[in-house]
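Accompanying notes for the structure given below.
Computed from a predicted structure; not experimentally measured. Reckoned from all heavy atoms, side chains included, excluding hydrogens, waters and symmetry mates.
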Amino acid sequence: MTVMKKTLLLCTVLLTFAFNSLYAQMLGTEKYDRFYPGKLWFDTDGQIINAHGGGLLLHEGTYYWFGEHKGEHSNAALVGVTCYASTDLYNWKNLGVAFSVSDEPGSPVERGCTLERPKVIYNKKTGKFVMFFHLELKGQGYNRANVGVAVADKPEGPYTFLKNGRVNPGKWPQNLDKTFKNKQFDKNHKGWSDEWRQDVAEGMMVQRDLEGGQMSRDMQLFVDDDGKAYHIYSSEDNLTIQIAELTDDYLDYTGKYIRIDPAGHNEAPALFKKDGKYFMITSGCTGWAPNAARLLTADNIMGPWTRHDNPCRGKGADKTFNSQSTYILPLPNGKFIFMADRWMPSNPIDGRYVWLPIEWESGMPVLRWHDQWRLEE
Ligand code: DGJ
């Protein structure tokens, strides 16, 4: 074979290899061996993963990723909650729709409702998988601020819708100073003024919503080491986070709940526990636009909680690297993955996932951008 022919053959082999690899990447059929935060992420069928505002569950060695199915033109729930499975956290198999919206007119979960931030926990006592999500009734904007509850026998579902409503009607939070319970708040205080903020901090919204129950929007579920579970949610017009203890079957509230960072205006709570201490990363409230993350810590899940500075470091830290927290996954090796969404309101399906490793500095979690990273490093 002449040198010319050999070179041509080598070029053809290399080009074919490069083309195949590019094609495989485009299809998503190439096995991932690392995370690429913010990049398109394909499932094992080569389809873009559609599981936004999600959360993870580790059950019998498999990770299940639950999230909002989003379409191209609106944020309304037209499908429901999707479920993907993985054993390595890089490569995800689509298991389909775990919880489906309903075609029954007037159903609280009617197709076209707003269904956000689904989370699933497993109840060892009942053997049931319990899903909570933020639910807004069809055509009512974000006014209802309800929580929806669904249950299944298998992690991937199908989940049966049980109920929806506000949290703990008629119950006062444990950490509200009793002098404020019957306080007559001055309705003339202008929204966002210092006086108004003070009123909110003193429980004006809790009092307003006492009878019907507390609002619940962005949310997470957390199961503690003793098996007790908690619902963590943005309440009081997104001005105050609340944590409510769940009953043993995880389907209801015990009536015990607390307020965190009153009038602090937090959304997107993501709570995790390390060495007996509780950490929560949240965001501010700027709709779909990113803002600086916040960090809160506590020695006891039911408080008191202390707020700290933005845990993000480096370029993009002031906007949480163009994302908003949704969940923090504890790994069996003691490390944690921060999961966030890069929302795309003009084409919701194009929202991206930003997963970053939690790093530690002086006992506090910090987040840094990585173009790509591996769990093994
Ligand atoms: C930010 C929330 O975190 C999202 O889940 C969603 O509710 C948007 N706001 C709506 O503007």
Next item on the list: In plain terms, say whether D153 and K128 are close enough for a salt bridge, that is, a side-chain N and a carboxylate O under 4.0 Å apart.
Entry: yes
Note to self: So that I know where these two stand, are W355 and W369 an aromatic pair - ring centroids less than 6.0 Å apart?
What the structure shows: no
Check: Which distance, rounded to the nearest 0.5 Å, do you find between the CG of L58 and the CG of L89?
Finding: 8.5 Å
Next item on the list: Could you tell me whether the side chain of W41 and the main chain of Y90 form a donor-acceptor pair under 3.5 Å?
Entry: yes
Check: Do any N or O atoms from the side chain of S234 and from the backbone of I241 form a donor-acceptor pair under 3.5 angstrom?
Finding: no
Note to self: Closer than 3.5 angstrom, by distance alone: can the side chain of Q207 be matched with the main-chain N or O of K181 as a donor-acceptor pair?
What the structure shows: yes
Margin query: To check you understand the geometry: which heavy-atom pair defines the closest contact between I281 and S325, and what is its length?
Written below: O-OG, 3.8 Å
Next item on the list: Verify, without hydrogens or angle tests, whether Q198 (side chain) and D194 (backbone) share a donor-acceptor contact under 3.5 angstrom.
Entry: no
Notebook entry, point to check: Would you say E156's side chain and L95's backbone share a donor-acceptor pair under 3.5 angstrom?
Noted result: no
Note to self: Does this structure show an ion pair linking E359 with R368, if we count only N-O contacts that are shorter than 4.0 Å?
What the structure shows: yes
Next item on the list: Would you kindly say whether N291 and K319 are connected by a side-chain donor-acceptor distance under 3.5 Å?
Entry: no
Item checked: Electrostatic pair D248-K125, nearest N-O below 4.0 angstrom -> yes
Check: Counting N and O atoms only, with roles assigned by atom type, does the side chain of Y257 sit under 3.5 Å from a partner on the main chain of Y253, one being a donor and the other an acceptor?
Finding: no
Check: Can any side-chain N or O of R342 pair as donor or acceptor with the backbone N or O of R352 at less than 3.5 Å?
Finding: no
Notebook entry, point to check: At what distance, to the nearest 0.5 angstrom, does NZ of K187 lie from CE of M204?
Noted result: 8.0 Å
Note to self: Donor-acceptor pair, distance only, cut-off 3.5 Å: does the side chain of D341 make one with the backbone of W343?
What the structure shows: no
Next item on the list: Run the salt-bridge test on E202 and K183 with the 4.0 Å N-O cut-off and return the result as yes or no.
Entry: yes
Checklist line | Aromatic centroids of W360 and F279 separated by under 6.0 Å | finding: yes
Next item on the list: Before giving the answer on side-chain contact (heavy atoms from CB on, under 4.5 Å), spell out for F99 and M131 the whole-Å C-alpha distance, their side-chain angles and the decisive distance to 0.1 Å.
Entry: CA-CA 9 Å; F99 176 74; M131 179 188 286; 3.8 Å; yes
Checklist line | Ion pair E136/R144, N-O distance below 4.0 Å | finding: no
Next item on the list: Evaluate side chain to side chain donor-acceptor pair (under 3.5 Å) for K70 paired with N50, printing each intermediate quantity in order.
Entry: CA-CA 7 Å; K70 289 204 188 277; N50 194 337; over 6 Å; no
Note to self: Taking D371 first and then R34, would you say they form a salt bridge - that is, a charged N and a carboxylate O separated by under 4.0 Å?
What the structure shows: no
Note to self: Show, in sequence, the C-alpha distance, side-chain angles and deciding distance for S100 and V79, and conclude whether the side-chain contact (heavy atoms from CB on, under 4.5 Å) test is met.
What the structure shows: CA-CA 6 Å; S100 180; V79 172; over 6 Å; no
Notebook entry, point to check: Do the side chain of D224 and the main chain of K228 share a donor and acceptor less than 3.5 angstrom apart?
Noted result: no
Note to self: Are F129 and Y122, when compared by the centres of their aromatic rings, separated by less than 6.0 Å?
What the structure shows: yes
Margin query: Is there a path of hydrophobic side-chain contacts, each under 4.5 Å between heavy atoms of I/L/V/M/F/W/Y residues, joining L135 to M219?
Written below: no
Next item on the list: Answer with yes or no whether the side chains of T297 and H308 bring together a donor and an acceptor at under 3.5 Å.
Entry: yes
Notebook entry, point to check: So, E245 versus T254: side-chain donor-acceptor pair below 3.5 Å or not?
Noted result: yes
Next item on the list: Output yes when a side-chain donor or acceptor of R374 lies under 3.5 Å from a complementary backbone atom of D33, and no otherwise.
Entry: yes
Next item on the list: Answer yes if Y32 and L40 sit in the same cluster of Ile, Leu, Val, Met, Phe, Trp and Tyr residues linked by side chain heavy atoms under 4.5 Å apart, and no otherwise.
Entry: yes
Next item on the list: Decide yes or no on side-chain contact (heavy atoms from CB on, under 4.5 Å) for M280 and I232, but give the supporting numbers first.
Entry: CA-CA 10 Å; M280 198 191 303; I232 302 111; 4.1 Å; yes
Checklist line | Residue pair N266 / R294, side-chain donor-acceptor N/O under 3.5 Å | finding: yes
Checklist line | Residue pairs fulfilling ring pair (Phe, Tyr, Trp, His ring centres under 6.0 Å) with at least one residue in residues 178-200, sequence neighbours excluded | finding: W192-W196, W192-H265
Margin query: Y353: which residues meet the side chain to side chain donor-acceptor pair (under 3.5 Å) condition with it, sequence neighbours left out?
Written below: H52
Checklist line | E195 and K190 ion-paired at < 4.0 Å | finding: no
Margin query: I need the L221 CG to Y327 OH distance, nearest 0.5 Å.
Written below: 8.5 Å
Check: side chain to side chain donor-acceptor pair (under 3.5 Å) between Y233 and Q242: does it pass, once the steps are laid out?
Finding: CA-CA 6 Å; Y233 50 100; Q242 296 183 355; 2.8 Å; yes
Margin query: Please determine whether side-chain contact (heavy atoms from CB on, under 4.5 Å) holds for the pair I337 and W373, giving the CA-CA distance in whole Å, both sets of side-chain angles, and the decisive distance to 0.1 Å.
Written below: CA-CA 11 Å; I337 302 179; W373 64 283; 4.0 Å; yes
